[in-house]
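A short write-up of the structure that comes next.
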Amino acid sequence: MPAPLIAGNWKMNGLAADLGEARALAAALAETPAGTRVALCPPATLLARMADALAESAVLVGGQDCHSEHAGAFTGDVSAEMLADAGARLVIVGHSERRAAYGEDDAQVAAKALAALRAGLEPIICVGETLAQREAGAALEVVARQVRGSVPAGLGETAFAVAYEPVWAIGTGLTPTIEAIEAVHAAIRRTLVEALGAAGARAPILYGGSVKPANAAEILGAAEVGGALVGGASLKAADFLAIIRAA
Ligand code: 13P
């Protein structure tokens, strides 16, 4: 099993002044290394500067989304190759905020994951049910269907991660019970193994949605939880570090 991956998603937050948080995180991890892989995914505007600031550190830098094409007439978009060129090593694809706000479907997410592969980036492929889907008893089925549609077969031999982020737990302070997290992670694992065999057995499955210093140890200790995708609590080095130390 690979080391856990603790990734911070800054979403549309962060100006140059906030690079100090990334530097503080790197300094703390240099002094006392973590037993995990650590990544920060800043907005695209900060990616190159953050990659430079963290170049000598153990903290990886990632993008939050990429286009599936490598270049072309796609105003406002950023390709996986551009992220890699700016210093990224990973990229989040299929975040629920993009699925909801831009109508991204599983096929587009799979194409983005393949673009990441083409550019040498490790994709973090996000899935997760809405509250209505959970209340209808459909969470496992929805998530398994998203995994089947969003994780391309071509990923087989490369590093990738899946992030389970229940939509209703994002930014709300709500989290599923540990039993509920374990049930979904087990379903994701079964689906990955069916689709990809041994590679599907290796890929870390991250949990995301209101991960905080106070709940990180319990969540990260749950069966088949191979790391965390952290939003709000990744913006401040002290909070993110506390989550990393809990793993
Ligand atoms: P929060 O940790 O702020 O709930 O966000 C989770 C998330 O969406 C990470 O991608």
Side-chain angles (χ1 to χ4, degrees), residues 4-14 18 21-22 25 36-44 46-47 50 59-66 83 88-102 104 109 112-113 116 121-131 133-134 139 142-143 146-147 150 160-178 180-181 184-185 188 204-220 222 225-247:
L5 171 62
I6 312 292
N9 174 9
W10 278 17
K11 308 192 180 184
M12 198 174 74
N13 298 290
D18 299 302
E21 296 296 331
L25 177 69
T36 65
R37 300 169 69 218
V38 177
L40 279 178
C41 302
L46 278 188
L47 214 143
M50 187 182 282
V59 183
L60 304 170
V61 173
Q64 298 177 7
D65 177 48
C66 65
L83 296 175
R89 303 279 298 279
L90 311 94
V91 61
I92 298 166
V93 294
H95 193 283
S96 62
E97 286 154 15
R98 296 207 59 88
R99 290 180 186 259
Y102 300 95
E104 289 186 11
V109 175
K112 290 176 178 213
L121 299 178
E122 179 177 338
I124 300 174
I125 303 166
C126 301
V127 297
E129 83 284 358
T130 64
L131 186 58
Q133 289 166 333
R134 172 155 289 270
V142 165
V143 168
Q146 288 176 330
V147 170
S150 307
F160 72 98
V162 171
Y164 168 54
E165 297 205 303
V167 176
W168 53 273
I170 294 176
T172 59
L174 302 172
T175 52
T177 63
I178 295 299
I181 291 174
V184 177
H185 280 234
I188 293 173
I205 304 171
L206 318 184
Y207 170 81
S210 298
V211 177
K212 309 280 180 225
N215 62 19
E218 196 185 12
I219 291 173
L220 288 163
V225 174
L229 184 54
V230 184
S234 71
L235 294 169
K236 292 286 168 226
D239 287 345
F240 195 41
L241 198 59
I243 293 170
I244 293 163
R245 298 282 186 229

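Atoms within each ligand, like the ligands themselves, are counted from 1 in listed order. All values derive from a computational prediction rather than experimental measurement.
Closest protein heavy atom to atom 2 (O) of ligand 1: Gly231 N, 2.9 Å. The nearest protein atom to atom 3 (O) of ligand 1, hydrogens excluded, is given as Gly232 N, 2.8 Å; this is a heavy-atom distance. Atom 5 (O) of ligand 1 has Lys11 NZ, 3.3 Å as its closest protein atom, hydrogens excluded (heavy atom only).
Considering backbone and side-chain N/O atoms, Val230 never comes within less than 3.5 Å of an N/O atom of ligand 1. The shortest N or O to N or O distance between Lys212 and ligand 1 is not under 3.5 Å. Backbone and side-chain nitrogen or oxygen atoms of Gly171 are examined, and one is located within less than 3.5 angstrom of a nitrogen or oxygen of ligand 1. Considering both main-chain and side-chain atoms, Asn9 comes within under 3.5 Å of ligand 1 through a nitrogen or oxygen pair.
The two residues Ala169 and Thr175 make their nearest non-hydrogen contact at CB-CA, 4.4 Å. Annotation for Ala216 and Ala246: closest pair CB-CB, 3.8 Å, computed over non-hydrogen atoms.
Using a non-hydrogen distance threshold of 4.0 Å, Ser210 registers as a contact of ligand 1.
Each of His185, Glu129, Gln133 was checked for a side chain to side chain contact (heavy atoms under 4.5 Å, CB included) with Val143, and the lone residue meeting it is Glu129.
Against a heavy-atom cut-off of under 4.0 Å, Gly209 is close to the following atoms of ligand 1: 4 (O), 6 (C). Numbered from 1 in the order shown, with element, the atoms of ligand 1 that lie under 4.0 Å from a heavy atom of Glu165 read 6 (C), 7 (C), 8 (O), 9 (C), 10 (O). Listed by number with element, the atoms of ligand 1 under 4.0 angstrom from any heavy atom of Leu229 are 9 (C), 10 (O).
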Original post:
Given His95 and Gln64, is the side chain to side chain donor-acceptor pair (under 3.5 Å) satisfied, shown in steps?
Top reply: CA-CA 8 Å; His95 193 283; Gln64 298 177 7; over 6 Å; no
**OP:** May I have the step-by-step check of salt bridge (charged side-chain N to carboxylate O under 4.0 Å, His left out) for Arg99 and Glu165, ending in yes or no?
**Re:** CA-CA 12 Å; Arg99 290 180 186 259; Glu165 297 205 303; over 6 Å; no
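Put simply, the side chain of Ile205 does not reach to within 4.5 Å of the side chain of Val225, judged on heavy atoms.
Contact annotation: for Ile170 versus ligand 1, heavy atoms closer than 4.0 Å belong to both the backbone and the side chain.
In this structure, Trp10 CH2 and Met50 CE are separated by 3.5 Å, a value rounded to the nearest 0.5 Å. Between the CZ atom of Arg134 and the CG atom of Leu131 there is a distance of 9.0 Å, given to the nearest 0.5 Å.
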